[in-house]
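Okay, structure first, notes after.
Values reported hereafter were calculated over all heavy atoms of this structure, with side chains retained and with hydrogens, waters and symmetry mates removed.
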Protein chains: 2
Amino acid sequence: MARANTTKRAILDAALELAATKGITGTTMDEVAELAGVAKGSLYYNFSSKDQLFEALLQEGVGALADSLRSAKGELRGWDAVDALVTRLLDLIAANAPLAKLMASEIFRTDRAWQETLFALRHDALAVFAEAIDETDAAAGRSGIMASGVFGAVLMSGLEWLVFEPERDRDEVAAAILATLRVR
Amino acid sequence: MARANTTKRAILDAALELAATKGITGTTMDEVAELAGVAKGSLYYNFSSKDQLFEALLQEGVGALADSLRSAKGELRGWDAVDALVTRLLDLIAANAPLAKLMASEIFRTDRAWQETLFALRHDALAVFAEAIDETDAAAGRSGIMASGVFGAVLMSGLEWLVFEPERDRDEVAAAILATLRVR
DNA sequence: GTCTATACCCGGATAGAC
DNA sequence: GTCTATCCGGGTATAGAC
């Protein structure tokens with residue numbers, strides 16, 4: 001069982017790294033097995049199919065993201081909370097760029113086997129932003145759209161930074177994002 | 001030649017529609033041929049490969065997007081220009097949701113045959129936003145990051161609207177996006 | 001310029017030994 | 001629980017008739 005868990009871990013890590021650059025459909029089970037250092041048979045011992053492997057991967061990754069956002073909000077309210085969430089999300093993206101890339105490319109796909117799962121996870125993460133925005137005076141019953149906007153701004157700026165301008169430092173990027181948003 | 005052009009058009013339209021939901025890798029040439037109403041051989045007569053077909057598709061789509069943004073900016077400067085660009089981009093997304101989905105999923109891929117092409121197009125589109133931001137007093141040498149943020153906010157809010165909350169009306173969505181941004 | 005038919009390979013999944 | 005070997009469907013691309 002401990003053995004199984006470390007194998008599972010290796011498989012999930014390999015799958016994430018490959019999918020971040022090649023996409024999920026573009027990643028083959030052979031490649032995952034090779035990078036994980038296990039035989040292909042072991043993939044299918046630990047996961048029932050390729051779809052189920054990537055569903056587990058997204059569940060773990062996006063679930064952890066939502067949890068971290070919730071803890072970042074803590075007792076903060078309104079724009080203060082949005083400010084803290086933006087910064088936390090940027091740090092999460094920086095610490096897990098492969099997951100961020102994968103989210104960016106999967107978030108609007110509606111044909112996947114794991115669609116329901118991803119939709120729920122996406123909702124959990126955005127709900128934290130929406131909740132904070134609802135505590136401001138700008139929400140006006142459209143905090144869902146606004147939450148997506150803030151999330152999208154951070155995601156795209158964060159990946160722009162990591163992929164195309166990695167020489168910049170984190171504080172500068174955080175400040176740039178906050179400068180475009182009506183925070184405070 | 002006129003014949004070839006209409007065939008090309010049908011192929012490109014079919015390819016875009018399919019790729020918007022299934023992704024490029026997940027779209028097969030057989031499916032494109034069937035939806036376009038032509039035989040598979042005609043695909044390869046008009047485009048040398050699947051990669052080249054999708055490169056042409058992105059070139060056409062993102063190129064037109066950049067042109068439209070530039071014309072929306074016109075003589076406007078600073079926050080007024082950002083405001084106009086946000087609204088125009090939202091309209092472009094609404095009018096061409098499949099392209100918007102495709103962009104969202106392809107923009108951070110770095111392993112594609114058409115990587116160079118897409119990078120240049122992406123730069124053209126973002127440059128219009130960056131230029132407007134540079135005309136404000138908030139740029140501080142980081143207009144590239146800020147432009148990505150604004151673009152990401154509009155793209156994600158726009159797709160949130162079209163994919164998950166289509167009952168809202170366009171003006172409401174535009175207002176919600178602008179309300180999250182420090183415009184004016 | 002468009003079609004049908006086919007070559008060829010690669011990817012997901014399974015069987016069964018160890 | 002992990003391996004190797006293999007099956008089989010489906011995918012890109014090409015050949016050649018019309």
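Counting only residues at least two apart or in different chains, ring-ring contact (aromatic ring centres under 6.0 Å, His included) contacts with residues 139-162 of chain B comprise B/Phe129-B/Phe151. Applying the salt bridge (charged side-chain N to carboxylate O under 4.0 Å, His left out) test to every pair with at least one member in residues 137-153 of chain A, sequence neighbours left out, gives no pairs at all.
Shown here are the ring pair (Phe, Tyr, Trp, His ring centres under 6.0 Å) partners of A/Phe164, two or more places apart in sequence or in another chain: B/Phe119. For A/Ser143, the side chain to side chain contact (heavy atoms under 4.5 Å, CB included) criterion is met by A/Ala130, A/Ile133, A/Asp134, A/Ala139, not counting sequence neighbours. Judged as a side chain to side chain contact (heavy atoms under 4.5 Å, CB included), and not counting sequence neighbours, the contacts of A/Glu165 are A/Glu160, A/Glu167, A/Arg168, B/Ile145. Remark: B/Ala97 pairs with B/Leu162 by the side chain to side chain contact (heavy atoms under 4.5 Å, CB included) rule, at least two apart or across chains. B/Ala138 pairs by the side chain to side chain contact (heavy atoms under 4.5 Å, CB included) definition with B/Trp79, B/Thr136, B/Met146, not counting sequence neighbours.
Using a 4.0 Å cutoff on non-hydrogen atoms, the parts of residues 13-29 of chain B near DNA chain D are B/Thr27, B/Thr28, B/Met29, ordered by number. Only B/Ser49, B/Lys50, listed by number, bring a heavy atom of residues 49-60 of chain B to less than 4.0 angstrom from any atom of DNA chain D. The stretch residues 30-42 of chain B touches DNA chain C through B/Val38, B/Ala39, B/Gly41, B/Ser42, each having a heavy atom under 4.0 angstrom from the strand.
Taking only side-chain nitrogens and oxygens, B/Tyr45 never comes nearer than 4.0 Å to OP1 or OP2 of C/dT2. Residue B/Tyr44 places no side-chain N or O under 4.0 Å from the OP1 or OP2 atom of D/dT14.
When distances are taken from the side chain of A/Thr7 to each of D/dA13, C/dT2, D/dT2, the shortest belongs to D/dT2.
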Taking distance alone, no hydrogens or angles, what donor-acceptor pairs closer than 3.5 Å link side-chain atoms of residues 50-65 of chain B to residues at least two apart or in another chain?
residue	atom	partner	partner atom	Å
B/Lys50	NZ	B/Ile24	O	3.1
B/Lys50	NZ	B/Thr27	O	2.7
B/Gln52	OE1	B/Ser48	N	3.0
B/Glu55	OE2	B/Thr117	OG1	2.5
B/Glu60	OE1	B/Arg9	NH2	3.0
B/Glu60	OE2	B/Arg9	NH1	3.0

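The two atoms that bring B/Leu69 and B/Val128 nearest to each other are O-CG1, 3.9 Å, heavy atoms only.
Taking the C1' atoms of five terminal pairs at each end of the helix from C/dG1-D/dC18 to C/dC18-D/dG1, the two resulting helix axes are inclined by 0°, rounded to 10°.
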